[in-house]
There are 2 protein chains.
Amino acid sequence: MARAGLDQQAVLAAAAEIADTKGVEELTLSTLAQKLGIRPPSLYNHVHGLPGLRRQLVLYAYAKLKETLTQAAVGKAKDEAVRSLAEAYRAYVHRHPGVYEASERYADLTDPEVQRAAGEVVDLLIQVLEPYGLEHEEAIHVIRGFRSMAHGFATIERSGGFGIPLDLDVSYRKLLDAYLAGLRALYAK
Amino acid sequence: MARAGLDQQAVLAAAAEIADTKGVEELTLSTLAQKLGIRPPSLYNHVHGLPGLRRQLVLYAYAKLKETLTQAAVGKAKDEAVRSLAEAYRAYVHRHPGVYEASERYADLTDPEVQRAAGEVVDLLIQVLEPYGLEHEEAIHVIRGFRSMAHGFATIERSGGFGIPLDLDVSYRKLLDAYLAGLRALYAK
DNA sequence: TTAATATAACTAATGTTATTAGTTTTTGTC
DNA sequence: GACAAAAACTAATAACATTAGTTATATTAA
């Protein structure tokens, strides 16, 4: 029999790698077991079936995203911080396309753990917006806008939805430029 | 035996309804056949298996989106047209969540038919931006920004990703306000 | 009107996946 | 060294997609 010596971390890491390299549809208990050198039923020792695996992957995705964004924001403020966050968000989706997609596809936002993990990302964004001195509600609106742009651009890009051969970096920068300029214009001063 | 008298249209309509009401994961050949009162293998008379069904659904999704956006744009120009498009885009995702999701999930953008269908939506947006008199490349950047915002906001909203109880209509309007104001500011004049 | 053909349904069978139940073996602990 | 817990296993079942082969119903042609 020869035990494989796996734990949740190892299983999750293998799952993330399959998702990122082969795509999220390829992440099955079969492919995962094969990668780990065990039989599919053995996975139930580490994970609550496929739903449990997906849930773990969602939590991992949010944690990693928060970590990535946090690193991007240190030592920066205002527009510079926002631009850095936007770049980091997009880069994260590039680097972890499958994991990010899993967080879109499988997140059950009625699950308190998942809510907390997702909420921590939003909390970070709130922090970064502090220096602007916005009303709380206003900050929420701005964050929703930011997330929409970053998520929307990155996912359309990931799916190959921007078909015309024109520099995507430029498009993204212009989108952000416009939004930031618009905020300046609207919130006057 | 008693023939059911189905054709591609009827099959596709039933598939769209399942996707929109039960969710895209519930759209299987089993559930579809059940809804149509036939056995799963009989579907192969109308559709090239599950991949073929999904492809049809993707084409349907783009066609319907284009139609919806076209209606929203008639008789309007510039900012008013853009706002109307944005509203229509979001409303479309609300009304056809499963069909829209299918177009995200299953679109194979190397398929020429799919490219054409998706391209027609972009062409419409290009038309609407004409009155601004932008350079062609500039128009493409703006369209990418528009799509990112509309797609991003609508899909995060659909997934329940905006958890805080704060009016989403307001957030969406403010996002658009900021973007449009930003474009005005950047493209000067 | 009838004969021939094409079409749309069917049943049966196969392979894949997820999952559960029950078993064995290893590992770690007293 | 014995025992308990954990991690692997095999076997079996159910759901789904798909293929092959069959039958009945439309449709078309003579």
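Each chain gets a letter, A, B and so on, in the order its sequence line appears, and its residues count up from 1. When reading the values below, keep in mind they use all heavy atoms of this one structure, side chains included, and skip hydrogens, waters and symmetry mates. Every value quoted in this text rests on a predicted model; they were computed, and no experiment measured them.
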Can you see if the side chain of B:S30 gets near the phosphate of D:dC16 - specifically, an N or O under 4.0 Å from OP1 or OP2?
yes
Any A:H46 side-chain N or O less than 4.0 Å from OP1/OP2 of D:dA6
no
Looking at [X] and [Y], does any basic side-chain N land under 4.0 Å from a carboxylate oxygen?
X      : Y      : value
B:R83  : B:E87  : no
B:K174 : A:E138 : yes
A:R90  : A:D169 : yes

Hey, what's the ring geometry for B:Y89 with B:F146, parallel, tilted or perpendicular (30° and 60° as the breaks)?
perpendicular
Between [options], spot the one nearest the side chain of [X], thanks.
X     : options               : value
B:N45 : D:dA17, C:dA8, D:dA7  : C:dA8
B:L29 : D:dA8, C:dA8, D:dT18  : D:dT18
B:P40 : D:dC16, C:dA8, D:dT18 : D:dT18
B:Y44 : C:dA18, D:dA8, D:dT18 : D:dT18

Between B:L6 (CG) and D:dT25 (P), how many Å, whole number?
16 Å
Between B:E26 (CD) and D:dA17 (C1'), how many Å, whole number?
16 Å
dist B:E157:CD -> B:F153:CZ (nearest 0.5 Å) comes out at 5.0 Å
Sub-3.5 Å pairs of nitrogen or oxygen atoms, protein against nucleotides 10-14 of chain D:
none

Is a donor from one side chain sitting under 3.5 angstrom from an acceptor on the other, for A:Y172 and A:D167?
no
Testing the basics here: between A:Y179 and A:V142, what is the closest heavy-atom pair and its distance to 0.1 Å?
OH-O, 3.1 Å
In residues 47-56 of chain A, which ones come under 4.0 Å of DNA chain C, going by heavy atoms?
A:G49, A:L50, A:P51
Given the rule in the side-chain hydrogen bond (donor to acceptor under 3.5 Å, both in side chains) test, do A:H94 and A:Y100 qualify, once you have shown the distances and angles that lead to the verdict?
CA-CA 9 Å; A:H94 286 177; A:Y100 187 81; over 6 Å; no
Quick one: does any side-chain atom of B:S84 pair with a main-chain N or O of B:A72 as donor and acceptor, under 3.5 Å?
yes
